[in-house]
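Here the structure comes first, spelled out in structure tokens, and everything after it is commentary.
These values consider heavy atoms only, across backbone and side chains, with no hydrogens, waters or symmetry-generated copies.
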Amino acid sequence: MDLSAINPVLLIASLMVAATPLLLAAIGELVVEKAGVLNLGVEGMMITGAISGFAISVETGSPWLGFLAAAVGGAVLSLLFVVLTQLALANQVASGLSLTLFGLGLSSLMGQSYVGIKPPQMADVHIPVLSDLPVLGPILFSHDPMLYLGVGIIAAVWALLKFTRVGLILRAVGENHDAAHALGYKVVRIRVLAILFGGACAGLGGAYISLIRVPQWTEGMTAGVGWIALALVVFASWKPWRVLLGAYLFGGVTVVQLNLQAAGVAIPVEYLAMSPYLVTILVLVILSADKSSAPASLGRIFHASH
Amino acid sequence: MKLTSLLASAAMVLGLATGAVAQDKTKVGFVYVGPVGDGGWTYEHNQGRLAVEAEFGDKVETVYVENVAEGPDSERVMTQMALNGADLIFTTSFGYMDPTINVAKKFPNVKFEHATGYKTAPNVSVYSARFYEGRAVQGTIAGMMTKSNVIGYIGSYPIPEVIRGINSAYIHAKKVNPDVQFKIVWAFTWFDPAKEADAAKVLIEQGADVILQHTDSTAPQAAAKNAGNVITFGQASDMGEYAPMPRVSSIIDNWAPYYIERTRAVMDGTWETSNRWDGIGKGMVKIGEISSAVPEDVKAKALEVKEAIASGAYHPFTGPLNKQDGSAWLAEGDVADDGTLAGMNFFVEGIDGEIPQ
């Protein structure tokens, strides 16, 4: 065993990178669920975003355009979910599942000619003085811009839900869509916007994997992150900062366990491998001991005539 | 009404069935564990399928199903293939072993070929490749090229096939560089690009400047490329898009000749149960081109090892070798028998870390 081989600064820096795709997808889904819609298609939207972003950034040479395309790609795919659940009033669980299957198939079709290509790289932020600080510099001030954007989205969603009228309306729609409708709010329109936002965030999360974390395109490369994001929203009790905490915890334990393995720590590897899931669930379950619960209209179909 | 439609569909099925017989095509099915675009394991099996099509043209029809989970779902897929008239079915992952045996019992006239397993039946053959021979070449290059003397190894599951690879690579790295040390990380997945990339990054952060992988995607190659001065090896497939750096060589699974041979045997009616385990000599394992990033003397040494194995003059597991706990395994000059290799569940002396049980 040689724990000195583990560099804590690099460890923290890489856990933030590992957490970001999960964080982006989860915060998008949080907004969707706050509006009373359960979209199980996160995985499908992520992988579609991953290939959309990858393809566009390879074609244009710009990672920024790639991320934009990823957001658009995720949102466009979520339109399918909109049509099924908000217009055709189909079951949300079934529609979400089919969205995932569809997204996986569509992405592998789109990605046929992008296997084995290296995407243009997004330069890390470098702030004079701050980035050069010992310890804090590499941890806080030397990442790619998307990582900061992810944290920014969390803060924005938190502020929006907590302090603004828009946030209040969104929550009202999620808690009781009939009452919100009676007050004159456009329930369907608000939900459609929330779903599109969720799709865009999932797309960004997928593109973060294909453009920064790995970076390359491989079929099925999101490998279940979308499902973890869904679970994370529930365990985080629909609270933005807890999503951040949960994502960092999950990313952190994932990276730590790989580090421990490489350093030859004598804990059975199976326990290490399951530890990210266990620790994240445990902490968030303890946190959610307060009275927060799911939005009351979550997953229920709304039609103005009811 | 119902009866008529039933009769009509029955007639249609019969019509289709006789149509199929009339065409007299040999139908070959493939069950894949990952996507055909994984750039590794499944990709190479699919190359084998395409080679069968190219060889026999109109006389064969091939079908495949990708991303089939190991377990009950694979049984359903195989049953469907057999019902749809497949004459020969290749099931290409270790976890399909029992499902293959189960389905084969129900369809005695259909031939089954299971990759990397060990259970056979009158209509089930098994086949695998001696990947560890390729690992010996990799280990030689890795041991001679490492500057930090730390070699990172990304394992998938602690099964004999993977353990054989680790042992073989270690023995040959140690032979050319006595100071070499292996750091092993188990990913517990065959295919998860993000996790594989993380594992590679962790190993690099902890000082490894060579990454060997026994997982299916090219993600570790991408991670190594980003890190700079790290070398890797293509796994299962050439992964040549990452040459000359970081990928300096590769193990390529070459299933095409075997698939063509077995398909021909079904056509001729000469197919028999067999247990095939071929290596570099028979061409089932190929060593991808050693890139320009490798110094000439290292390349020469690696090719020498390769030739010795191919000709049968040298066995990668030749004594004296001890097990990890120091107990004797092979005496001077002895070589490991296939039974021990097939069930290998121990590290050789010198490797740190335990095999997860």
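With a 4.5 Å cut-off on non-hydrogen atoms, Q257(A) touches chain B through its side chain but not through its backbone. For a residue to count as touching a neighbouring chain, one of its non-hydrogen atoms must lie under 4.5 Å from one of that chain's; by this rule D352(B) does not touch chain A. Using a 4.5 Å cut-off between heavy atoms, A197(B) touches chain A through its side chain atoms alone. The contact between E66(B) and chain A is made entirely by side chain atoms (from C-beta outward), counting heavy-atom distances below 4.5 Å.
Counting only distance, with no hydrogens or angles, the side chain of E205(B) and the backbone of N7(A) share no donor-acceptor pair below 3.5 Å.
Within 6.0 Å of CD on E161(B) lie more than 12 heavy atoms contributed by other residues, nucleotides or ligands. Annotation for K118(A): atom NZ counts as buried by contact number, over 12 foreign heavy atoms lying within 6.0 Å.
To the nearest 0.5 Å, the span separating CG on L258(A) from CD1 on I154(B) amounts to 9.0 Å. Atoms CZ and CG, from R213(A) and N226(B) in turn, are 13.5 Å apart once rounded to the nearest 0.5 Å.
A side-chain donor from one of Q206(B) and N259(A) sits under 3.5 Å from a side-chain acceptor of the other.
Nearest heavy-atom pair across V214(A) and A219(B) is CG1-CB, 3.6 Å. Annotation for V202(B) and V255(A): closest pair CG2-O, 4.2 Å, computed over non-hydrogen atoms.
Among Q121(A), Q112(A), Q216(A), the residue with the largest count of heavy-atom pairs under 4.5 Å with chain B is Q216(A).
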Atom pairs and distances, donor-acceptor, side-chain atoms in residues 219-228 of chain A, under 3.5 Å, two or more places apart:
{"residue": "E219(A)", "atom": "OE2", "partner": "G37(B)", "partner atom": "N", "Å": "3.4"}
{"residue": "T222(A)", "atom": "OG1", "partner": "E43(A)", "partner atom": "OE2", "Å": "2.9"}

For a quick test of your reading: what N or O donor-acceptor pairs under 3.5 Å do the side chains of residues 96-110 of chain A make, sequence neighbours left out?
{"residue": "S98(A)", "atom": "OG", "partner": "A94(A)", "partner atom": "O", "Å": "3.2"}
{"residue": "S98(A)", "atom": "OG", "partner": "S95(A)", "partner atom": "O", "Å": "2.7"}
{"residue": "T100(A)", "atom": "OG1", "partner": "L40(A)", "partner atom": "O", "Å": "3.1"}
{"residue": "S107(A)", "atom": "OG", "partner": "G103(A)", "partner atom": "O", "Å": "3.1"}
{"residue": "S107(A)", "atom": "OG", "partner": "L104(A)", "partner atom": "O", "Å": "2.9"}
{"residue": "S108(A)", "atom": "OG", "partner": "G105(A)", "partner atom": "O", "Å": "3.1"}

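Within residues 234-247 of chain B, the residues having any heavy atom closer than 4.5 Å to a heavy atom of chain A are E241(B), Y242(B), listed by residue number.
For A26(A), the side chain to side chain contact (heavy atoms under 4.5 Å, CB included) test picks out A229(A), L232(A), V233(A), V243(A), with sequence neighbours left out.
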